[in-house]
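For reference, the structure is listed below as structure tokens.
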Protein chains: 2
Amino acid sequence: MASSAQPPTIHDVARLAKVSTSTASRVLGNYGRFSEATRKRVLDAIETLGYRPNSVARSMVTRRTDTLGVVCADISSPFFSGVVRGITDEARKSGYSILLTNTDEDVRSEREAVNLLIDKQVDGLIVATADVGDVEHLRAVRSHGKHVVLFDRPSSAVGADAVTVDDVAAMREAVTYLLSHGHRRIGILTELRIEREADWATLLRPGLDRLRGEINASAARLLGYLRAHRDAGVEVDPSLVGRTGGYDVEGAAEATRRLLASPARPTALVTTDNMMTLGAYQAVRELDIEMPRDLSFVGFDNLDWTTLVRPALTVIEQPVHEIGARAARKLIDRLNGDEGPPELIELPTSFLVRESVAAV
Amino acid sequence: MASSAQPPTIHDVARLAKVSTSTASRVLGNYGRFSEATRKRVLDAIETLGYRPNSVARSMVTRRTDTLGVVCADISSPFFSGVVRGITDEARKSGYSILLTNTDEDVRSEREAVNLLIDKQVDGLIVATADVGDVEHLRAVRSHGKHVVLFDRPSSAVGADAVTVDDVAAMREAVTYLLSHGHRRIGILTELRIEREADWATLLRPGLDRLRGEINASAARLLGYLRAHRDAGVEVDPSLVGRTGGYDVEGAAEATRRLLASPARPTALVTTDNMMTLGAYQAVRELDIEMPRDLSFVGFDNLDWTTLVRPALTVIEQPVHEIGARAARKLIDRLNGDEGPPELIELPTSFLVRESVAAV
DNA sequence: AGGCCATGAGGGAACGTTATCGCAGCTTGA
DNA sequence: TCAAGCTGCGATAACGTTCCCTCATGGCCT
């Protein structure tokens with residue numbers, strides 16, 4: 001085992017086929033001219049040597065690696081793993097591989113990851129940036145001519161394509177649904193990690209409209225929540241906004257407990273992503289609140305357990321796999337010369353009505 | 001945007017610093033000799049040019065890519081995404097990146113994936129092989145001196161390290177628990193995709209012992225089930241083995257329905273992985289069977305929803321993240337020259353008793 | 001004062017490809 | 001019969017690194 005013989009190179013092939021490396025390369029790449037006879041000789045040599053071209057060497061000269069860099073927060077989350085699956089499926093169709101990195105929503109890790117991927121000469125980047133307001137590193141990548149596609153968190157500052165769902169509309173629909181069921185105190189669980197967004201009340205100020213692409217997905221979802229209230233003419237009690245420090249389940253559970261312990265506790269709860277959904281639901285479970293009688297619940301992301309619990313959860317579904325597939329597709333199109341201004345691809349969400357919402 | 005200027009090379013750095021590329025390379029790599037003055041000049045040049053070494057070119061000469069290839073069935077499954085997270089975490093610590101591929105449990109895809117990764121010159125491979133009996137391609141990789149670490153499905157035929165859990169013991173413990181609660185008709189949900197394993201009764205034959213490393217994880221788990229019965233002197237009714245064609249949730253649900261529709265239906269159900277757990281639980285839910293009164297249930301994998309449903313599910317937990325981390329660690333150790341025969345790392349499982357099992 | 005050695009730095013080959021260019025030798029047509 | 005074109009192939013220069021070797025310089029010891 002572990003025979004130390006180096007694998008055959010194209011020179012070995014050429015020697016065996018009694019041609020020059022140029023000729024061998026030509027039949028391999030199927031370009032230029034060569035006779036049928038030499039083609040066969042080269043192919044035979046390849047066969048008998050078990051020759052496989054060295055992609056690294058090839059990349060040196062072609063200046064492409066046929067590899068896409070993916071930067072996500074945490075591959076073990078159902079959202080990201082679903083998206084990444086979509087990315088790999090689409091990428092593979094076009095002969096691209098995936099180099100994967102996690103950031104845990106940390107901008108510094110993200111910068112490191114991006115640098116690493118660029119150093120490895122990936123042909124393009126697909127990234128869910130940790131902070132749409134801190135994207136200088138992504139702008140830099142773009143300005144060097146590398147293509148970037150964002151997902152989940154579009155940021156117009158990057159000047160890159162992005163694929164997301166219409167977060168505002170999705171959440172607005174859900175909250176409107178809740179409001180139409182008579183709920184007036186609707187709690188929302190959201191992670192506003194970014195300091196400048198923590199003061200979410202200011203989101204209300206600038207028209208509540210037109211600031212897409214400047215805020216993170218969770219802030220956009222909160223915005224949808226606010227707009228639904230505004231549309232219905234219902235005042236929002238700031239204490240109903242359960243803000244968690246970071247993207248973690250325990251934080252969401254904790255915030256939910258606080259929300260539900262308040263004297264004027266909400267009659268309905270809505271969450272802004274899969275972590276929040278899980279944490280919030282856990283907390284509700286612990287408290288032994290009967291759902292939907294004593295509390296209505298709308299989750300974010302159609303996680304597979306949401307149909308398993310009783311009552312089954314009404315949720316906002318994102319087309320997870322498709323988000324990834326479309327992002328990869330767009331990136332590859334760009335690599336193939338697709339020009340034009342950055343495109344914002346907004347995929348539709350589905351509001352799946354199940355059993356966790358009741359009229360108050 | 002998209003300035004077409006090529007990024008600076010080490011030659012540019014050398015020119016600006018007024019040294020030779022050799023010298024520039026030396027300070028970059030911090031080897032050989034150079035004066036403090038030139039060190040500073042080179043570093044300054046790097047700084048002002050924003051030079052970043054091209055990993056591809058470096059790989060050409062160093063013959064390493066600092067990249068590990070990962071071959072799994074489906075990154076979107078909670079098991080694999082958890083393992084891959086463990087892999088990336090550990091790999092990153094040592095400066096390795098991850099090239100990710102999915103096989104959907106298809107041996108042909110697996111071969112393609114392995115070839116691709118080898119062509120891309122990954123330093124080593126971490127793979128959950130689709131079929132422990134069809135591993136010629138992995139043997140070949142090993143025999144060319146590339147290191148491979150298997151996970152979830154060890155196969156002694158590969159001659160590679162492997163990290164798994166003790167599937168037999170894990171399942172034996174669970175089933176013994178069920179038996180001790182008086183259950184005599186315990187259904188098991190398992191995917192025996194591989195034809196030669198479909199005739200599982202033959203697993204009983206060869207001693208029921210000593211064939212670790214020759215069978216897939218699910219077969220090993222079935223084996224644990226059989227051994228527990230043998231230990232307790234309880235005969236196994238072959239009709240209690242719910243075999244699904246492939247690794248899919250719907251197949252598991254279907255098999256569960258069949259099992260539960262039988263006149264002499266099982267009083268307990270045990271599953272062999274997360275897909276089976278989900279599918280089986282779905283079917284049980286649909287049938288509105290009261291758990292654990294009318295049916296006891298032991299799931300495989302501590303999925304986060306298993307504590308959310310009522311009753312909470314008693315499960316066999318695998319240390320998912322650690323499986324990945326240990327696999328990566330072992331591979332990196334090998335790359336660092338760790339010699340010795342292939343090691344089989346068996347991580348402990350935990351049997352988490354919750355509320356889904358009752359005495360009959 | 002002369003020889004030696006340590007120090008610092010440059011030259012250049014190599015890694016395995018791709019692809020441009022030029023050049024024989026042959027065919028073709030006027 | 002000879003120019004022109006075409007066909008098939010080889011030489012060779014990249015691509016951006018690393019690192020081995022060689023060499024000049026200067027200081028120190030005897």
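The structure displayed is predicted, hence computed values, not measured ones. Letters A, B, ... mirror the listed sequences (proteins, then strands); counts begin at 1.
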Check [X] against [Y] and note the closest heavy-atom contact, atom names and distance.
| X | Y | value |
| --- | --- | --- |
| Lys146(A) | Arg142(A) | O-NH1, 2.8 Å |
| Phe80(B) | Asp74(B) | CB-O, 3.4 Å |
| Val135(A) | Thr129(A) | CG1-OG1, 3.9 Å |
| Ala91(A) | Ile98(A) | CB-CD1, 4.0 Å |

Exercise. Tell me, which of residues 22-43 of chain A have any heavy atom that sits under 4.0 Å from an atom in DNA chain C?
Worked result: Ser22(A), Ser25(A), Tyr31(A)

For atom [atom1] of [X] and atom [atom2] of [N], their distance in whole Å:
| X | N | atom1 | atom2 | value |
| --- | --- | --- | --- | --- |
| Ile10(A) | dC15(C) | CD1 | P | 15 Å |
| Gln6(A) | dC15(C) | CD | P | 9 Å |
| Lys18(B) | dG10(C) | NZ | P | 12 Å |
| Arg64(A) | dT18(C) | CZ | C1' | 13 Å |
| His11(B) | dG12(C) | NE2 | P | 13 Å |
| Arg58(A) | dT17(C) | CZ | P | 8 Å |
| Gln121(B) | dC15(C) | CD | P | 14 Å |

Exercise. Can you say whether the rings of Phe151(A) and Phe79(A) are parallel (under 30°), tilted (30 to 60°) or perpendicular (over 60°)?
Worked result: tilted

Exercise. Taking 4.0 angstrom as the limit, do Arg111(A) and Asp134(A) come out as a salt bridge?
Worked result: yes

Exercise. Step by step, would you call Lys120(A) with Thr65(A) a side-chain contact (heavy atoms from CB on, under 4.5 Å)?
Worked result: CA-CA 9 Å; Lys120(A) 295 227 173 196; Thr65(A) 52; over 6 Å; no

Exercise. First and last nucleotide of DNA chain D in contact with chain B, 5' to 3', at under 4.0 Å to a heavy atom: what are they?
Worked result: dG16(D) to dC19(D)

Exercise. Which is true for Val56(A) with a 4.0 Å heavy-atom rule: it touches a base, it touches only sugar-phosphate, or it touches nothing?
Worked result: nothing

Problem set entry | Heavy-atom donor-acceptor pair, Thr62(A) side chain to Arg58(A) backbone, under 3.5 Å | yes

Exercise. Between Thr23(B) and Ser20(B), is any side-chain donor less than 3.5 angstrom from a side-chain acceptor?
Worked result: yes

